[in-house]
Amino acid sequence: QHRARPPRGRTRPVREVPAGEWDARLAEVGCAVAYLLRAYVEARLAFYDAGIDDERLTEANTTSAHLQEQLWKEAVVLAEKDPQSVPMGLFAQSLNDLSNLQEKRRRAMENHVPSVIPFLVFVVAAVAFGFIGYNCGLATRRHFVSTALVAVVVTFVLGVIIDLDQPRHGLIKVSQNSMLRLKETLK
C-alpha cells in the first residue's frame with residue numbers, strides 16, 4: 001500500500017504555542033534557567049580570569065560543564081511539555097551553540113603556534129643579521145639606522161608571534177567585553 005509522504009522541509013507539523021501559554025511554561029522554569037545562565041557566564045569569566053592556572057581552569061571547566069547539564073535538564077522539562085514548540089527548539093539550539101562555543105574557546109586555548117615557527121623566525125633573523133654584518137664589513141660606510149631598523153622590526157615580529165600565542169597574558173589580550181555585556185544584560 002502506498003502512503004503519502006510529508007511535504008518537503010518538515011517531517012512533522014509544528015504547533016505554534018499561544019504567547020500566554022508559553023509565558024506560563026517559561027515562568028515554571030524561567031527562574032532556574034535565568035539563574036543557571038548567570039552562573040554560566042560567571043564560570044566562563046572565571047575561566048578567562050584563571051589565566052594559566054591549571055587548577056582554576058579545571059574548576060571553571062567543571063563548573064560550566066555542570067551548569068550546561070543543568071540547563072539541558074531544564075530544556076528536557078520544557079521539551080516534554082511540548083516537543084513541537086518553536087521556542088523550545090530555539091532554546092535547544094541555543095544550548096547546543098553554547099556547548100560548541102565553550103569547546104571552541106577551550107580548543108583555542110590549547111592550540112599554540114608550533115614551537116618550530118618561532119625557532120625558524122629566530123634562525124632567519126640570525127642569518128639576516130649575519131648578512132647585514134658581513135655587508136657592513138665589506139662596505140666602507142656603515143648604515144647604522146637601517147641596520148637598527150631591521151633589528152627592531154625582526155624583534156617586534158618575533159615578539160608579536162609569541163604574544164599572539166598566549167592570549168591570556170602579554171600585551172595583546174582577548175577582550176571579554178561581550179561576556180561582560182552579557183553579564184550586565186542577565187542581571
Worksheet item: Do Val41 and Leu180 share a hydrophobic cluster, counting only Ile, Leu, Val, Met, Phe, Trp and Tyr and linking them when any side-chain heavy atoms are less than 4.5 Å apart?
Response: yes
Practice prompt. Quick one: closest heavy-atom pair of Leu71 and Leu37, and the distance?
Written response: CD1-CD2, 3.9 Å
Worksheet item: When rounded to the nearest 0.5 angstrom, what distance separates CG in Leu67 from OH in Tyr35?
Response: 7.5 Å
Worksheet item: Rounded to the nearest 0.5 Å, how far does CG of Leu90 lie from CG of Leu95?
Response: 11.0 Å
Fill in: Close side-chain approach of Asp49 to Arg56, heavy-atom, < 4.5 Å
yes
Fill in: With Asp97 via side-chain contact (heavy atoms from CB on, under 4.5 Å) - residues at least two apart
Gln93, Asn100
Worksheet item: Can you tell me how far CG of Asn61 sits from CZ of Arg106, rounded to the nearest 0.5 angstrom?
Response: 4.0 Å
Discussion item. A quick test of your reading: do over 12 heavy atoms of other residues, nucleotides or ligands sit less than 6.0 Å from CD of Glu103?
Written reply: yes
Worksheet item: Quick one: do Val121 and Val113 end up in the same hydrophobic cluster if we chain Ile, Leu, Val, Met, Phe, Trp and Tyr together by side-chain heavy atoms under 4.5 Å apart?
Response: yes
Practice prompt. Scan for side-chain hydrogen bond (donor to acceptor under 3.5 Å, both in side chains) pairs involving residues 64-73, sequence neighbours excluded, and state none if there are none.
Written response: Tyr40-Gln68, Arg44-Ser64, Ser64-Gln102, Gln68-Ser99, Gln68-Gln102
Worksheet item: Looking at Val160, Thr155, Val154, Ile161, which hits side-chain contact (heavy atoms from CB on, under 4.5 Å) with Val157?
Response: Ile161
Practice prompt. Look up atom CG in Leu57 and atom OG1 in Thr62, then write down how far apart they are to the nearest 0.5 Å.
Written response: 10.5 Å
Worksheet item: Does Arg181 come within less than 4.0 Å of Glu184, counting only side-chain N to carboxylate O?
Response: no
Item to complete: For residues Thr63 and Phe47, determine if any side-chain heavy atom of one lies less than 4.5 Å from a side-chain heavy atom of the other.
Response: no
Discussion item. Count I, L, V, M, F, W, Y as connected when their side-chain heavy atoms are under 4.5 Å apart, and connections chain through other members. Are Phe119 and Ile162 then in the same cluster?
Written reply: no
Worksheet item: If you measure from OG1 on Thr147 to CD1 on Ile132, what distance do you get to the nearest 0.5 Å?
Response: 5.5 Å
Worksheet entry | Joint hydrophobic cluster, Leu158 plus Phe129, side-chain heavy atoms closer than 4.5 Å | no
